[in-house]
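The structure appears below as structure tokens.
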Amino acid sequence: MYDKTIETLKKEDMNLADEIYIFDTTLRDGEQTPGVALTVDEKIQIALKLDQLGVDKIEVGFPAASKGELQASKEIRALDLNSTVVGLARSVKDDIDAVLDADLEYIHTFIGTSPLHRDYKLKMSKETIISTAVEAVEYAKDHGLTVEFSAEDATRTERDFLFDFYNEVVSAGADFIDVPDTVGILTPILTRELMTDIKENFKIPVSVHFHNDFGLATANTLTAIECGANQAHVTVNGMGERTGNTSLEEIVVALYSAYGIKLNIDTSQLYSLSDFVGRLTGVKMPVNKPIVGDNAFAHESGIHVHGILNNSSTYEPISPELVGHSRKIVLGKHTGANALKSKLKDYHIELNDEQFEKVFNQIKALGDRGKCVTDDDLKAIALTELSSARETPIKLKGLGLLCGAIVSPTATVKLEIDGVEKETSNTGVGPVDAALNAIRDLIQDTMDIELEEYNLEAINGGTDALADVFVISSDNEGNKSTGRAINEDIVMASILAVLDSINKLLLIKRTQEI
Ligand SMILES: CC(=O)SCCNC(=O)CCNC(=O)[C@H](O)C(C)(C)COP(=O)(O)OP(=O)(O)OC[C@H]1O[C@@H](n2cnc3c(N)ncnc32)[C@H](O)[C@@H]1OP(=O)(O)O
């Protein structure tokens, strides 16, 4: 074990708060993801799941924004959740009244403090900014609300003014001050400096609300927590304006596994919550999204899979079960024999050494062509290999095709039937049809077959995909049999699948005759 873990460093180097609160704003800032709009019912469903997960606070919306926002806030509040229900408001009386109308007890109110926000957006002097904020806090407090105050764009605000501002809202009664990094410009070292300064100067709980414009929201939030932040604003899947907010799942898991901090969160629900929110909002996570992405616990490289099969910790920092996810072994160009063996074992497919080699080589060859192999592909390839090993009365010995715009598609097929070679040609609407007609001619003395179903699927997509053909054939005595073959050539796959089914029918027929 690496001996300088955060656990051993934290006492001397960190200023961790006794308790760290998770303030989830998926339903407010998360919903501000461009293109996302949730119905009242969807908000309720997500709030219930967040409550089950165990977050401390759920910011359910902006009650003044619309009737639906007010209704959702009201209905979620009426659920009497364990999590505290929070509503957002500008420093405006009507907005605060909307939070009160929703019966909420906790308000998150804000005003821009940076020169950019003061001069270009609000067009207010520093004094007006402070007096507007103070009035809002006093009004909210007079109405019994717990108040969390955000200095919007705090990280681009002059430090002196920021501290004057926080001092005034704290004196007016704010219960929490929030530090938003509104356009995500912080880095860990800047966060450390800012947070240390804030914690030295303010004794009330401090919250951080960080954006992910440079991909640093999680790192910055963790740094703020190391420096004493009492609360982290987060969203499921890191949803939010532009590139999003600090991700709930990343913070919770990092605090647990790297810092040994166990919050009141049931981590085993993280993956299903992420999936649920992804489906309701239509915002799908990239496969490499930490913790909840499809590849978070997926392995392809032979060396990694070999390690994982012996001890999953070799290549996984946490177990997928911790977050309700699952491990996936993916086959492809980088696959090793151990991975393939383990997959085949999972599917109870036993191959001899020669068959194994052939399947292994096919997977590598597919990988070299830029493809990866799904579990279904593997099963099809392995089962085809198995069935091709059976003793077959009819064998394909040759195939010639003539196709084009001005000729009838013609196929010449050579078969060995019970040891005797026969060859014929026939035409059809296309090369597959022509080849199947030729086969029918060649076997007519042996048996009469009908092709009942023909199904062609491309494995892996692309013009160089493997063709996977599945057929059902019947004979004139009512016997039916399936056939399947995989080949790079559609005609070959079709012929081999049909011959597979014919061979099975022939074996059935001969067994019945004994
Ligand atoms: C940090 C954040 O993410 S803030 C939250 C952002 N979320 C949203 O904006 C979603 C919900 N918003 C809305 O539905 C609407 O913007 C509303 C209902 C809030 C306001 O709508 P409108 O009255 O039409 O104003 P509009 O959105 O065009 O402009 C915002 C107004 O609020 C003012 N304002 C912005 N922030 C604040 C604030 N914190 N305190 C007081 N006033 C503010 C602006 O100066 C502007 O005022 P103006 O119209 O007098 O110039």
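Order of appearance sets the numbers: ligands from 1, and atoms from 1 within every ligand.
Around atom 6 (C) of ligand 1, the closest heavy atom drawn from Lys123, His117, Gln32 belongs to Gln32. In this comparison of Arg28, Met124, Glu241, His108, the heavy atom closest to atom 2 (C) of ligand 1 sits on Arg28. The closest non-hydrogen atom to atom 25 (O) of ligand 1, taken over Glu69, Arg90, Glu152, Lys93, comes from Arg90.
For the pair Leu216 and Leu186, the tightest heavy-atom approach, listed with the atom from each and the gap, is CD1-O, 3.6 Å.
Atoms of ligand 1 found under 4.0 Å from any heavy atom of Lys121 (numbered from 1 in listed order, with element): 45 (O). Interface atoms of ligand 1 facing Ala65, defined by a heavy-atom separation under 4.0 Å, are 11 (C), 14 (O). Those atoms of ligand 1 that come under 4.0 Å of a heavy atom in Leu88, given as number and element, are 5 (C). In summary, the atoms of ligand 1 found under 4.0 Å from a heavy atom of Leu122, numbered by their order in the structure, are 34 (N), 35 (C), 36 (N), 37 (C), 43 (C), 45 (O). Listed by atom number, the atoms of ligand 1 under 4.0 Å from Val92 heavy atoms are 41 (C), 42 (N).
Within a 4.0 Å radius of atom 32 (O) of ligand 1, the protein contributes one or more non-hydrogen atoms. Of the protein's heavy atoms, none falls inside 4.0 Å of atom 50 (O) of ligand 1. Of the protein's heavy atoms, none falls inside 4.0 Å of atom 46 (C) of ligand 1. When distances from atom 14 (O) of ligand 1 to the protein are checked, a heavy atom turns up under 4.0 Å. For atom 39 (N) of ligand 1, a protein heavy-atom neighbour is found at a distance under 4.0 Å. Within a 4.0 Å radius of atom 27 (O) of ligand 1, the protein contributes no non-hydrogen atoms.
The protein heavy-atom contact nearest to atom 4 (S) of ligand 1 is Phe110 CZ, 3.4 Å. Phe62 CD1, 3.5 Å is the protein heavy atom nearest to atom 11 (C) of ligand 1.
A salt bridge does not link Asp103 with Arg77: none of the charged nitrogens is closer than 4.0 Å to a carboxylate oxygen. Taking the charged nitrogens against the carboxylate oxygens, Asp375 and Lys343 do have a contact shorter than 4.0 Å, which makes a salt bridge. In this structure, Arg484 pairs ionically with Asp468, as a charged nitrogen and a carboxylate oxygen lie closer than 4.0 Å.
With ring centers used as reference points, His304 lies 6.0 Å or more from His334. Aromatic ring centres of Tyr454 and Phe470: separated by at least 6.0 Å. Note: Phe176 and Phe23 fail the aromatic proximity criterion, with ring centroids not under 6.0 Å apart.
Contacts of Glu453 classified as side chain to side chain donor-acceptor pair (under 3.5 Å), with partners at least two apart in sequence or in another chain: none. Under the rule for a side chain to side chain donor-acceptor pair (under 3.5 Å), Lys126 has no partner lying at least two apart in sequence or in another chain.
Residue Lys43 is tested with Glu75, Glu59, Glu69 for a salt bridge (charged side-chain N to carboxylate O under 4.0 Å, His left out); the sole match is Glu69.
The distance criterion of under 3.5 Å between nitrogen or oxygen atoms is met by Ser91 with respect to ligand 1.
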Would Met239 and Val36 count as a side-chain contact (heavy atoms from CB on, under 4.5 Å) if you check the C-alpha gap in whole Å, the side-chain angles of each, and the deciding distance to 0.1 Å? CA-CA 10 Å; Met239 290 182 68; Val36 171; 4.0 Å; yes
